[in-house]
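Accompanying notes for the structure given below.
For ligands, and for the atoms within them, numbers begin at 1 and follow the listed sequence. Positions are given from 1 along the sequence.
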Amino acid sequence: MSKAIQYQANAAISLIDRDKLDALAPALDKARQEVLDDIKLLDSPDSIPAEKIPLDSGFINLPEQLLQDAEKNGNQSLLSKIEECAKHLQSETDKILSLGIGGSYMGARALFEALCHPLHNELSSENRKQIPRIYFEGNNVDNDTVSAMLEHLQQGTSPENATDRWGLVVISKSGGTLETAVAFRIFREALESFYGKNSPECKNLVVPVTGETGKLRDFSKQAGYERTFPIPDNVGGRFSVFTAVGLLPAAILGLDIRKLLQGAVDMTHQFQNESFGNNPVLDYTAISHLFEKELGMTTRILSTWGARLEATGLWYDQLLAESLGKNEQGAFPLTVVNTRDLHSRGQQHQEGIRDKLITNLRVLKPGSTPLAVPKVNENQNQDQLNQIAGKTIPDILSAAFDGTNQAYAEVKRPTADIILPHLDEHVMGQLLQMFMLATVLEGRLININPYGQPGVESYKKNMTKILFQS
Ligand code: PA5
């Protein structure tokens with residue numbers, strides 16, 4: 001059974017006035033109550049105060065609701081339908097192309113990188129246990145990557161060959177995002193030409209995930225796709241990883257989506273019930289907020305250790321930036337991957353401007369057997385590694401972690417740690433929900449509506465005007 005994730009901030013706390021931290025507790029409790037009251041407001045949309053619109057707090061209870069629905073309605077539940085669709089795509093395809101951008105992309109990528117075999121797409125079909133390879137597009141405007149993906153998919157010569165078969169998942173809540181819509185047209189055409197325009201595959205190997213209304217919803221109805229999945233109105237894009245947006249790609253990849261949701265439920269319960277000091281959401285928010293407001297630490301570094309959590313960090317960058325970067329407020333999020341980035345950004349973190357709070361994201365146990373440094377004959381020991389022969393890669397990572405944090409502590413650079421016992425679905429469910437709850441909690445604490453992203457609309461408006469009027 002998977003364990004709970006921990007947040008530890010002793011190193012940071014030693015650098016601030018403890019009274020200030022304690023004094024924040026009532027404001028945090030008030031903000032927590034507001035976050036929880038927001039959920040109830042969704043029951044009567046007409047009574048939502050203007051300043052709270054948009055209100056996308058549906059993500060908080062969604063994991064529990066989905067699990068309860070599955071318990072009650074079995075095969076007819078949304079989770080079972082997602083799992084059925086995933087099985088269908090697993091048995092019918094060797095490659096899935098997932099189209100989407102921002103919140104309609106980054107959560108699935110985070111789950112893929114954290115939980116699947118690091119070389120998943122390179123493995124043979126047998127070693128993947130017939131689970132399709134996954135690729136992501138529609139998350140940029142880049143002629144070269146789109147062309148390369150088309151070439152890659154068109155290498156397949158015949159739908160008769162199991163390894164040539166591919167399918168499309170297209171994800172857009174609004175249904176009108178240009179990057180995704182353009183990619184969908186291009187890849188849909190390629191799919192139709194591969195299987196034949198009137199083939200059953202054109203209807204059963206294209207799966208849209210979209211809001212209840214919008215251009216993609218309209219098109220899907222007209223096209224008659226056999227399976228489409230909804231994104232609830234009251235769940236915002238970057239908070240949608242526990243809707244079909246994240247769950248369908250995860251299920252296609254063979255991940256246990258019920259365990260993922262259970263992790264999120266456990267974190268929500270901890271957030272609701274535990275007090276300051278034993279509540280990762282409250283504690284993480286308190287430290288982040290205090291260091292920003294009291295000590296000017298406006299850059300929040302999420303320092304991931306090992307290679308598998310980079311996409312999780314990028315998902316979090318988007319979450320924090322789009323949620324709190326409003327009214328000329330909001331800390332600057334930055335993900336680094338160590339030890340890789342110790343050789344690039346490490347210098348600045350150690351000696352640069354004092355505007356950074358570093359939160360380490362550390363996994364205690366690797367998913368594979370620890371590899372040891374081999375011992376070699378003395379005449380081949382020019383690298384002098386015989387001294388550490390027998391030590392494992394996790395031992396080396398641990399030494400790097402301790403050494404780095406000790407170096408920061410020596411010059412009073414604040415660090416805190418999020419400790420993950422290992423990587424599995426339950427742990428990732430806890431972590432993603434922790435970050436989402438912490439983000440909305442901080443929004444309420446600093447009087448910023450964490451939902452919506454009005455600033456992003458400006459570029460979209462201009463781009464559309466330039467493109468459609470020229
Ligand atoms: O958080 C958000 O709402 C955004 O990042 C969206 O997810 C992103 O813009 C994609 O939007 P859509 O899913 O409507 O295509």
_If the cut-off is 4.0 Å to any non-hydrogen atom of Ser174, which atoms of ligand 1 fall inside it?_
12 (P), 14 (O), 15 (O)
*What is the ring orientation for Phe219 with Phe184, classed by angle as parallel under 30°, tilted 30 to 60°, or perpendicular over 60°?*
perpendicular
*Is any side-chain N of the basic residue among Lys197 and Glu192 closer than 4.0 Å to the acidic one's carboxylate O?*
yes
*Which of the atoms of ligand 1 are close to Gln318, meaning less than 4.0 Å from one of its heavy atoms?*
1 (O), 4 (C), 5 (O)
*What's the shortest distance from atom 9 (O) of ligand 1 to any protein heavy atom, and which residue and atom give it?*
Lys460 NZ, 4.1 Å
*Those atoms of ligand 1 less than 4.0 Å from some heavy atom in Gly103*: 5 (O), 6 (C), 7 (O)
_Taking 4.0 angstrom as the limit and counting only heavy atoms of Thr177, give me the atoms of ligand 1 inside it, by number and element._
11 (O), 12 (P), 14 (O), 15 (O)
*Is Glu92 salt-bridged to Arg227, going by a charged N under 4.0 Å from an acidic O?*
no
*Against heavy atoms of Ile101, which atoms of ligand 1 measure under 4.0 Å?*
7 (O), 8 (C), 10 (C)
*Is the closest heavy atom of Thr180 to ligand 1 under 4.0 Å?*
no
*Would you say the side chain of Asp256 lies within less than 4.5 Å of the side chain of Asp424, judging by non-hydrogen atoms?*
no
*With sequence neighbours excluded, tell me which residues meet salt bridge (Lys or Arg N to Asp or Glu O under 4.0 Å) with Glu294.*
Lys20
*Could you tell me the residue and atom name of the protein heavy atom closest to atom 3 (O) of ligand 1, and the distance to it rounded to 0.1 Å?*
Gln453 NE2, 3.3 Å
*What atoms in ligand 1 come closer than 4.0 Å to a heavy atom of Ser104?*
7 (O), 12 (P), 13 (O)
_Going by salt bridge (Lys or Arg N to Asp or Glu O under 4.0 Å), name the residues that satisfy it together with Glu457, two or more places apart in sequence or in a different chain._
Lys460
*asked:* Among all protein heavy atoms in this structure, tell me which lies nearest to atom 4 (C) of ligand 1, with the distance rounded to 0.1 Å.
replied: Glu322 OE1, 3.5 Å
_Please determine whether a side-chain nitrogen of the Lys or Arg among Arg32 and Asp29 lies less than 4.0 Å from a carboxylate oxygen of the Asp or Glu._
yes
